[in-house]
Every structure is written in C-alpha cells, then in structure tokens.
Amino acid sequence: MKRKAAVFLLIALIAALTTDGCSRRKDEAPPHEALIFGATYMTRNNPYFNVLGQGIEEVVEANGDILLTRDPLQDQEKQNEQIEELIDEGISMLFLNPVDWEAVRPALIACKKAGVAVINVDTVVKDRDLVISVIETDNYQAGQLCALDMMKRKKSADIVILDNPIQMSITYRAQGFTDAIAGNPNYRVVYRHAAAGEIEVSSKVMEEFLNQNKKFDVVLGGNDPTALGALAALQQARKEEGVLIYGIDGSPDFKAILDMGYVTGTSAQSPKSIGRVAAETAYRYLSGEPVDPYISLSSTLITKDNLADYEIDGWQ
C-alpha cells in the first residue's frame with residue numbers, strides 16, 4: 001500500500017508539473033521575430049545624417065529589431081536601386097531621406113507594390129501620398145530666423161543664397177529667408193546658386209561668384225556645410241571681412257567656428273530627435289495606431305550671444 005501510495009504521489013506530482021508547464025507556455029508571449037527596417041540618407045558625408053541615423057537605430061535596437069542602412073552618395077538613381085535591394089532583403093518599413101524630392105518616385109512606387117511603408121525624414125518627397133508620415137524641422141522657420149537676425153544687424157544688405165533646389169528642406173529655408181525680406185528694397189538677393197549641401201561644392205560655387213567681383217555682405221548657406229564651404233572660399237580669397245555668414249543645422253563644427261567669431265549664426269536642428277520621432281512613429285504605425293502625416297520640430301537660432309546655452313561639441 002505504501003509503495004502504491006508513493007507511486008500515486010509521484011504520478012500526481014509529474015502531472016501537476018506538466019500541467020503547470022503547459023499553463024506557463026500558454027501564458028508566455030511567442031518568441032519575437034526581429035523585424036528588418038531599411039534606412040537611406042542622401043549622403044553620410046554630412047555628420048548630421050549619422051546623428052539622425054543614431055536616433056532611429058537606438059529605438060529599433062531597443063525593440064530587438066534590425067536596421068539596414070544605405071548611402072547613395074547624393075545619387076538618386078543609386079538610391080532608387082538601393083531601396084529595391086532593401087525591399088528584396090525583406091524590410092518591413094523604410095526610413096527615407098531622398099536625394100531628389102521628385103526623382104525618388106520610382107522607389108516609392110516600388111515600396112507601395114511590395115507593401116513596405118515609408119517614413120520620410122528631414123526633407124519631404126513630392127509624392128506625399130506615397131509615405132505614411134513626414135518628420136522634419138520647421139525649415140521655413142529656420143530660414144526666417146536667419147533673415148530676422150540679419151535685419152537686426154544690418155539696415156541694408158546684398159545677399160548671396162547658396163541653396164539646393166532638389167532638396168525641399170533647403171528650398172523651404174531659402175523661402176523663409178526671402179519671404180522675411182520681401183517688399184523691403186534695402187535687402188537684395190544678388191546671387192543664388194545650387195551648392196548640393198556640401199562643403200566642397202559650395203566652396204567652388206562661392207569661388208566662382210567671387211571672381212565676378214560683385215558687391216555682397218551676407219551669405220545664407222542652405223545648411224551648415226554649405227555655409228562653411230562659403231567661408232573657406234572667402235578666407236582663401238581674403239574677402240571674409242564684414243560678411244555675415246548664416247548656416248542651418250547647429251552642427252558642432254559650425255558652433256566651434258561660431259565661437260571663434262568667423263560666422264554669424266545657425267538655425268539649429270535636432271537630428272537625433274528627428275530620428276527618434278521617426279522610429280517611434282514607425283512602431284505606432286506597425287502596431288495599428290494612427291500616426292500624424294506630418295510632424296514638424298521647431299528651430300532655434302544660435303549666435304555668439306546665446307552660444308553658451310548650447311553644447312558646442314554636440315548636437316541639440
């Protein structure tokens with residue numbers, strides 16, 4: 001009887017453990033299968049996009065997922081090809097910073113056909129109906145801030161604008177600047193030219209303009225690298241004296257030069273915040289929650305007067 005009782009207890013114990021084990025397995029969430037995200041930025045030559053990418057990557061990795069990144073080197077055809085490759089690699093969603101706001105359309109259509117949703121970051125695409133959300137700085141405001149500061153410093157000015165028509169972020173910045181001075185004959189844009197948003201290109205463009213020997217005393221760069229490229233050309237020609245130079249980004253490099261007194265101001269962006277908000281928006285969309293089709297982050301002007309309020313070696 002004792003042996004039978006012991007066997008019964010053993011069987012009961014095994015049954016209880018088995019039942020409990022089955023119960024736990026039912027309660028446990030299924031193993032997380034990592035999602036694959038894609039990201040492509042117009043260039044990685046600008047540190048701004050590395051920081052933006054970090055903002056996305058931190059959120060994606062915190063969720064146990066994977067981020068594949070591509071650099072098209074300012075070539076829209078190459079970017080379209082890379083997006084096709086990312087689709088083939090099984091991405092669930094794409095974070096897109098286009099080289100050309102119009103010519104990216106074939107890649108957007110390819111994403112739609114493949115069921116890949118697109119989050120548009122930093123600069124808008126023309127076909128907004130093909131992306132689920134746009135996250136960018138208020139670029140129009142950023143340009144306005146530069147113009148308003150300039151008008152406080154100068155009662156009149158001859159202005160050079162170095163922009164990039166295929167990137168709407170820079171186009172909106174230039175528009176904000178020109179709208180702020182519109183109707184005031186004391187402020188004149190004497191030269192406007194595309195500079196690709198890169199130091200090397202803007203330096204060459206500025207050098208060519210200097211050879212025309214035209215009068216000017218203000219330079220607006222479409223971003224910080226553009227403004228720094230213009231500064232390099234001016235210093236090479238020894239014509240930087242008395243010229244106000246504005247950038248847009250709030251990059252560590254620009255703030256360091258600002259601290260030395262060689263440039264005038266920059267409308268600051270927070271690329272890491274853009275990246276973080278973009279990634280959080282992506283996860284909300286994937287979980288079935290509604291997302292805002294357009295999210296704009298405000299800009300702040302940094303000059304020598306308030307530079308002490310910001311970290312020179314970092315982004316905002």
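Side-chain atoms are counted along with the backbone in the values below, which use heavy atoms only and exclude waters and symmetry mates.
For Tyr262, the OH atom counts as loosely surrounded, since its 6.0 Å shell holds 12 or fewer non-hydrogen atoms of other residues, nucleotides or ligands. No more than 12 heavy atoms of other residues, nucleotides or ligands sit less than 6.0 Å from atom CD of Glu77. Within 6.0 Å of the CD atom in Glu241, the count of heavy atoms belonging to other residues, nucleotides or ligands does not exceed 12. Within 6.0 Å of CZ in Arg70 there are more than 12 heavy atoms belonging to other residues, nucleotides or ligands. Within a 6.0 Å radius of OH in Tyr310, other residues, nucleotides and ligands contribute more than 12 heavy atoms.
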Evaluation steps, side-chain contact (heavy atoms from CB on, under 4.5 Å), between Gln76 and Glu102: CA-CA 10 Å; Gln76 186 59 62; Glu102 288 185 291; over 6 Å; no
Passes side-chain hydrogen bond (donor to acceptor under 3.5 Å, both in side chains), Asp122 versus Tyr41? Steps please. CA-CA 9 Å; Asp122 181 66; Tyr41 314 102; over 6 Å; no
Criterion side-chain hydrogen bond (donor to acceptor under 3.5 Å, both in side chains) on Gln54 and Glu57, from CA distance to verdict: CA-CA 5 Å; Gln54 288 171 10; Glu57 187 174 14; over 6 Å; no
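Between Phe177 and Tyr246, the distance from one ring center to the other does not fall under 6.0 angstrom.
Between Phe37 and Phe95, the two ring planes are parallel [angle under 30°; tilted spans 30° to 60°].
When side chains are defined from C-beta on, Cys111 does not count as touching Leu130, because their heavy atoms never get closer than 4.5 Å. Side-chain contact between Gln316 and Ile302 is present, with at least one heavy-atom pair separated by less than 4.5 Å.
Side chain to side chain, Glu207 and Gln236 fail the donor-acceptor criterion of an N or O pair below 3.5 Å.
In this structure, Gln167 contributes its side chain and Gly197 its backbone to no donor-acceptor pair below 3.5 Å.
Pairs passing the salt bridge (charged side-chain N to carboxylate O under 4.0 Å, His left out) check and including a residue from residues 253-268, sequence neighbours excluded, do not occur. For the salt bridge (charged side-chain N to carboxylate O under 4.0 Å, His left out) condition, the pairs that include at least one residue of residues 170-196, sequence neighbours left out, are Asp158-Arg188, Asp163-Arg192.
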